[in-house]
Amino acid sequence: MDFTYDDEQDALRDAVRGLVGRAYSDFEQRRQTTKADPGFSEKVWTQMAEMGVLGLPFSEDDGGVGAGPVEISIVAQELGRVIAPEPYLTSVVLAGGLVSAVGTTEQRGEVLGALSAGESVLALAHDEPGSRWSSSATAVTATEEGGSWTLSGVKEPVVHGARADLLVVSAALPDGGTGLFLVEGSAAERTDYATYDGGRAAKVTFSGTAATPLGEAGRDVTASIATVQDIGRIMACNQAVGAMEVALRTTTEYLKSRKQFGVPLNTFQALNFRAADMYVSLELATSLTQWATMVLATGDAEATRDAAHRASLQVSRASRHVGQEAIQLHGGIGMTAEYSVGSYVSVLTALERLLGDGQHHLSALAGGIGDYGSIDPLP
Amino acid sequence: MDFTYDDEQDALRDAVRGLVGRAYSDFEQRRQTTKADPGFSEKVWTQMAEMGVLGLPFSEDDGGVGAGPVEISIVAQELGRVIAPEPYLTSVVLAGGLVSAVGTTEQRGEVLGALSAGESVLALAHDEPGSRWSSSATAVTATEEGGSWTLSGVKEPVVHGARADLLVVSAALPDGGTGLFLVEGSAAERTDYATYDGGRAAKVTFSGTAATPLGEAGRDVTASIATVQDIGRIMACNQAVGAMEVALRTTTEYLKSRKQFGVPLNTFQALNFRAADMYVSLELATSLTQWATMVLATGDAEATRDAAHRASLQVSRASRHVGQEAIQLHGGIGMTAEYSVGSYVSVLTALERLLGDGQHHLSALAGGIGDYGSIDPLP
Amino acid sequence: MELQLTAEEQEFRAEMRDFFTTKVSQEIRDAVAAGHELTREQIVEAHQTLNAAGLAVPHWPEEWGGRGWSQIQRHIWNEEMQAAAVPPPLAFNASMIGPVIAQFGSQEIKERFLAKTANLDIWWSQGFSEPDAGSDLAGLRTTAVRDGDDWVVNGQKTWTTLGQYGDWIFTLVRTDPEVKKQKGISMLLIDMTSPGVEVRPIELIDGGHEVNEVWFSDVRVPGENLVGEPGQGWTMAKFLLGNERVGVAPVGSTKRRLARAKELAGEQAHDPLTAARIAELENELLALELTALRVVAHSAGSEPHPASSVLKLKGTELQQAVSELLVDLAGPGSLASGAGDDSALPDWARHATPSYLNLRKASIYGGSNEIQRQIISRTILGL
Amino acid sequence: MELQLTAEEQEFRAEMRDFFTTKVSQEIRDAVAAGHELTREQIVEAHQTLNAAGLAVPHWPEEWGGRGWSQIQRHIWNEEMQAAAVPPPLAFNASMIGPVIAQFGSQEIKERFLAKTANLDIWWSQGFSEPDAGSDLAGLRTTAVRDGDDWVVNGQKTWTTLGQYGDWIFTLVRTDPEVKKQKGISMLLIDMTSPGVEVRPIELIDGGHEVNEVWFSDVRVPGENLVGEPGQGWTMAKFLLGNERVGVAPVGSTKRRLARAKELAGEQAHDPLTAARIAELENELLALELTALRVVAHSAGSEPHPASSVLKLKGTELQQAVSELLVDLAGPGSLASGAGDDSALPDWARHATPSYLNLRKASIYGGSNEIQRQIISRTILGL
């Protein structure tokens, strides 16, 4: 049992921090980047590729680096700290993760190689209007005719769906279950729009659109989708922890420097105590997130499912608490788009909705309390 | 729509406050009274009878005063303010209320006359081990043989069951439903003990004990029990509001007078703000309680059920918040039996458990949210 | 103690309900119900519809359009208006500068402004807050220096809501830097078309532009535009902010939004955790509404009841909590905040998060909730 | 980053689990599990069982019975002990005065006291708090005046937990009234059988008598009973209270109580609101346990990690929340707190409320949660 990072991991953190720090530690740069399409910096994306960050999760055979969850979590934390708008979570962890999990050897090599090299941006087209973080698809259906597959239906919201070169699309299979397909971005009808966290999403419409089965044609991969969602949840938690850390630090620095009634705000005990409570929330969320990352590293899918629920629940509570208080303790300036803290809150709000909110995870956990006496975190 | 009390009501409040204030405004007197059996002052009880307070809810024909819910709520608030240990709620409002609701003319005159005169203390034997604020009885059963009724089974806890001259007992009827019976206190086997709020309760065992049906023999009176429980809930809320008011005032006075680190505690903003939050909880609970009392006064049983749930839920939240903070803001002294505030918390804790805790009422309300759009408090 | 409204009050309520639900533009009310931003024209239209019926400034002195209503009538008017999704009369006019002019202004200034203010012929903006003053309003730095008959104004105001629509702005300015900070403040009315006035939009975190900075560079303001006497500004500000607080618990609109949330929840309303959350919110809102009624019943004259701080504090918390509920009900679709009407996701789900983010302001503006706790602990609890 | 315990740690855990669940009196462990008060004899028996196996004072210097364990071993020891409902070694001996004597005491005083302290042959009481000092410990007034070789002690201590069982009491006393308040404090060990020492019980709101006042009237204490140097008392107090905070998050025992609550809940555990409440508590407890592991991993030497304030704060909140859950599960039967074993209501239901009331102390004693927030905001956040 060890909660410390090794030297290589520290070096990775320093490198990523250096890269995204140069790009976004001046908040105005982040703001300008998100204002212009595609909502992130192609240059930073390329630099991440060059640094090997985009290929971290994928095996060397597939053109990746073959690193583990802890390394990916470090990247997520650092992206969270500057709320970098690059679609690491959706493109690499989720879409790439699914290609890695169910793609054929050939598909993995081709798609993940290009993704790792920064040559191809992926998007996961999975959410459907009315769905709530399900692992299956119903609104988009797949049809086979003479060995060729087509898709019909609407996916929305698809994060960075309009920018994506390649879409990983879930669809209901003719014989039941959910399959995954690859579709060239340009082959689908896409309506692009901005999202409140500074990103972009799209409505993606398939109308008998030609699609290539990912992996074995016609196979139900609901379980793989669920597993990759769990990985995504744990990485979203890491990203949120990074964002909360900076939101809290920004707040305490503001309390120290901002004067009201002729004295700095940290003269007011009630405000300091609330900052202390934010710290408590952050520490607890950090602990569960680091633990979930380590559980993921053990490779036990069932334990990872549980850990993803647990970390997500705690991070949901913390994100709302820390985010809402960060704005409140700032006062008016926290409401403005020019100042950073509000954007941190927007990103925290969005991260929670990407793969399941607190109540979603709480309900799942509440259903299982009868299955054990107490929880032992150490296997 | 009028939230003010009229002159007669103000006079009643002054009279009751005078009486119980003389008895208990010195907290040590309350403490000594609750230490000795029967846990309340027979003298104060007699004085309450003389003042007409015990007969308030009952019609003049039954030997009472024929006052309305608002008057009874005033008594409850004043008893709450000094956490008077007299069993007004259980003996008069609940047990007396049931006799009034279902008793024959003769029973009402006899039992309620003696109760109003302070000559007979009633107890309601209704709770059964494992029951959770139900309106029916299962563990104690009633049997009829040749027109005579006997009861068997255990009631516990029966508040002031050992002191009671007369027990009002609920029991499962032979043909289904729940009936009410009168049993002389001395006819049952009773084990007396102290309860943490300073009161007394008993295990009451019936073993083929002779009992007189209250009202028409064999009639299911579950609905009447439920209605009287609702009345009791609203009066318990009033009692709690009185207790919270004083618990808050005691706390703010302590904050003003107690010095730490060389300055009064109200130098510390974090503590003052928490007292402000207590005030908010109290005000909201007071509003719902006064409203529920007025709803009760309209005589609409269904609306009263709803209002009782609502007031009880709000008072539950407020009681825990105000109570827990009252001790915390006091620090160590709040933990001691000699100082008043801890006893206020004990009484608030007990009041909530008498007729249903917050979650009990929340569940009932949550089941009905689909039946209306929004709530209009003014009929 | 009496729950029932009197027959007259019931009749009054029916009258209000009828007016609000039949006489105010359905299109505007639909936009309010959906949580959309209104245009300037829509706000003016709704306000003038109300004013034509004597329902825009009922709390003003009767000679200037007031109705001499009881507190309970005012309460019913307000609740029915909110329940019907009618946009309330523009607060800057109806609740802020109008009552101040009526209370403190000269006869000349009343005649010049009150009728136009009541009818929103003049759109007023508020010029109180400054970048370095925040909750410490009395620390304001915008100066007005006497030059002949005029005042020359320099400085910067901020958080001026809807300032982009403003014709005139009522400002607190420092006219005497020598005296105690509260005593050197005056209330000055400034035509926003005057040379040297510049309005710059502030983008908020929801992407909207409802607030602005207003800059004054050597703006000449005629002396007659001063309300009352020099140095009386702080008194007027307190009077005005007191008024602001009384109506500030948005009970009716929050109730409406919560009722709408129940409809929108669909199947989710059967989830026990969601149902309990809704029931708890409904109960707290009911308690708040009843508290507002109690405060109304006990308010005397123009001084706000100290418990009105409870209304502001809890009212904004519940407003925020309901907006958070809507985001949660919207689920993953809530991300699509920028999608247009061709989106496959419902309008309400796309608006939920911007509205949630925007409402974080509710506990900051108009006397932050920390200020309300301070008022409660000092004024009510004596701490 | 590695979740797995090493093979050695796993073996250690198994060894601890085996010892605690098989070698400590089942009767005592049942009493702890049921939340009953232990007798003096039971506490001594359990402590001595542990000490005989070298498990009472593992964190002491090795020459005085310590084991030289890693932080993770200490953590495992503590959690397994709590999980098995073994009463922990008496804190006054094992965590308070023992380490202080080992750190600051002369060789003579170490030899005189440490072995007996480790074995609970001497039952120590704590004499720190005073009626007028509360959280402001340095404001203490009990005086020790030099008279020949002796100290003469006068004053009053309070909140002395289990003082009725004490053989000796370690006290903070003011030996120099002239210097800055922290500098005039010394640590004095006092035989409680000395003339002039009087222990008076304080009844708490749960009806129990676990705390006491201790009065000193001209109590003569031999000079050799002073630990370290005069004026060093404050340093020792900080050292001691730091130790107190590290182990203060009662994760293991709260986990045990929550697991028990699930069993006792029966049908109620299927109520969705109750299930969600339990799941949320379990999750927070897990987060707390993992935070404790992180703190343990980063703690160096004897200085407490500042995040240990998080453990105290959240640990006591969760401890209290679980006790509140038990009252709610017990329902109306929870009123019967004074009923005997002939009651028709289960033992746990009758004990639930006194335990809940008693645990209100957890966020007050040992550095109140307000003090913990102060430490976090100052030391960690720099506010």
Side-chain angles (χ1 to χ4, degrees), chain A residues 1-6 9 68-70 73 248-249 251-253 255-256 265-266 269 271-280 283-288 290-291 293-295 297-298 309-311 313-314 317-318 359 361-370 372-379, chain D residues 1-6 9-10 13 72 75-76 79 83 252 255-256 258-260 262-263 265 269-270 272-280 282-298 307 309-311 313-314 317 370 372-378 380-383:
Chain A
M1 202 283 310
D2 178 10
F3 274 90
T4 57
Y5 296 94
D6 64 28
Q9 290 165 341
V70 174
S73 77
L248 173 58
R249 206 192 50 210
T251 304
T252 55
E253 282 171 7
L255 291 177
K256 278 184 262 190
L265 283 176
N266 71 350
Q269 189 193 40
L271 307 185
N272 295 349
F273 276 27
R274 281 161 66 178
D277 285 333
M278 291 164 75
Y279 177 79
V280 172
E283 281 302 295
L284 294 179
T286 303
S287 301
L288 258 186
Q290 291 188 0
W291 170 77
T293 307
M294 290 190 280
V295 172
T298 65
H309 285 315
R310 296 194 175 282
L313 170 59
Q314 198 73 19
R317 300 297 189 240
Q359 188 175 310
H361 297 293
L362 177 60
S363 295
L365 292 171
I369 58 166
Y372 53 87
S374 55
I375 304 161
D376 186 353
L378 302 177
Chain D
M1 297 282 276
E2 173 60 56
L3 191 59
Q4 208 78 30
L5 293 175
T6 63
E9 287 163 351
Q10 290 194 27
R13 178 160 73 165
I72 179 75
H75 180 84
I76 291 170
E79 290 301 309
K255 273 172 76 172
R256 175 166 44 71
L258 184 54
R260 187 154 170 269
K262 288 203 290 189
E263 284 173 29
H270 299 296
L273 298 186
T274 302
R277 185 175 171 193
I278 290 170
E280 185 108 35
E282 286 187 335
N283 220 47
E284 292 224 288
L285 261 175
L286 174 62
L288 182 71
E289 180 173 3
L290 292 163
T291 304
L293 283 165
R294 282 173 62 218
V295 169
V296 156
H298 292 117
S309 285
V310 173
L311 305 182
L313 186 55
K314 197 73 196 182
E317 281 177 6
E370 288 69 43
Q372 305 308 329
R373 286 193 183 88
Q374 188 84 337
I375 292 173
I376 292 170
S377 67
R378 285 212 185 137
I380 303 180
L381 302 178
L383 291 170

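Hydrogens, waters and symmetry mates play no part in the numbers below; they use all other heavy atoms, side chains included. Naming convention: chains lettered A, B, ... in sequence-line order (proteins, then strands); numbering from 1 in each chain.
Proximity of Leu362(A) to Asn283(D): side-chain heavy atoms (C-beta onward) are nowhere separated by under 4.5 Å. Contact annotation: the side chain of Phe273(A) approaches that of Gln374(D) to within less than 4.5 Å [non-hydrogen atoms, C-beta and beyond]. Contact of the Ser374(A) side chain with the Leu258(D) side chain is not registered, since no non-hydrogen atoms from C-beta on lie closer than 4.5 Å. Under the 4.5 Å side-chain criterion, counting only non-hydrogen atoms from C-beta, Arg317(A) is not in contact with Glu284(D). In this structure the side chain of Trp291(A) never reaches within 4.5 angstrom of the side chain of Leu293(D), judged on heavy atoms.
Considering only heavy-atom pairs separated by less than 4.5 Å from chain A, the leading option among Leu286(D), Ile72(D), Val310(D) is Leu286(D). Taking Thr6(D), Ile380(D), Leu288(D), Thr274(D) one by one and counting their heavy-atom pairs under 4.5 Å with chain A, the maximum is reached by Ile380(D).
A donor-acceptor distance shorter than 3.5 angstrom exists from the side chain of Arg294(D) to the backbone of Glu283(A), with no hydrogens or angles considered. Of the possible polar contacts, one joining the Lys262(D) side chain to the Gly373(A) backbone as a donor-acceptor pair under 3.5 Å is found.
In this structure, the salt bridge (charged side-chain N to carboxylate O under 4.0 Å, His left out) partners of Asp376(A), at least two apart in sequence or on a different chain, are Arg13(D). Leu381(D) pairs by the side-chain contact (heavy atoms from CB on, under 4.5 Å) definition with Leu248(A), Thr252(A), Ala275(A), Tyr279(A), Ile376(D), Leu383(D), not counting sequence neighbours.
Heavy atoms closer than 4.5 Å to chain D are found in both the backbone and the side chain of Thr286(A). Of the two parts of Gln269(A), only the side chain, counted from C-beta on, holds a non-hydrogen atom closer than 4.5 Å to a non-hydrogen atom of chain D. Looking at Glu370(D), the atoms closer than 4.5 Å to chain A (heavy atoms on both sides) sit in the backbone and in the side chain alike.
The nearest pair of heavy atoms linking Pro377(A) to Leu3(D) is O-CD1, 3.8 Å.
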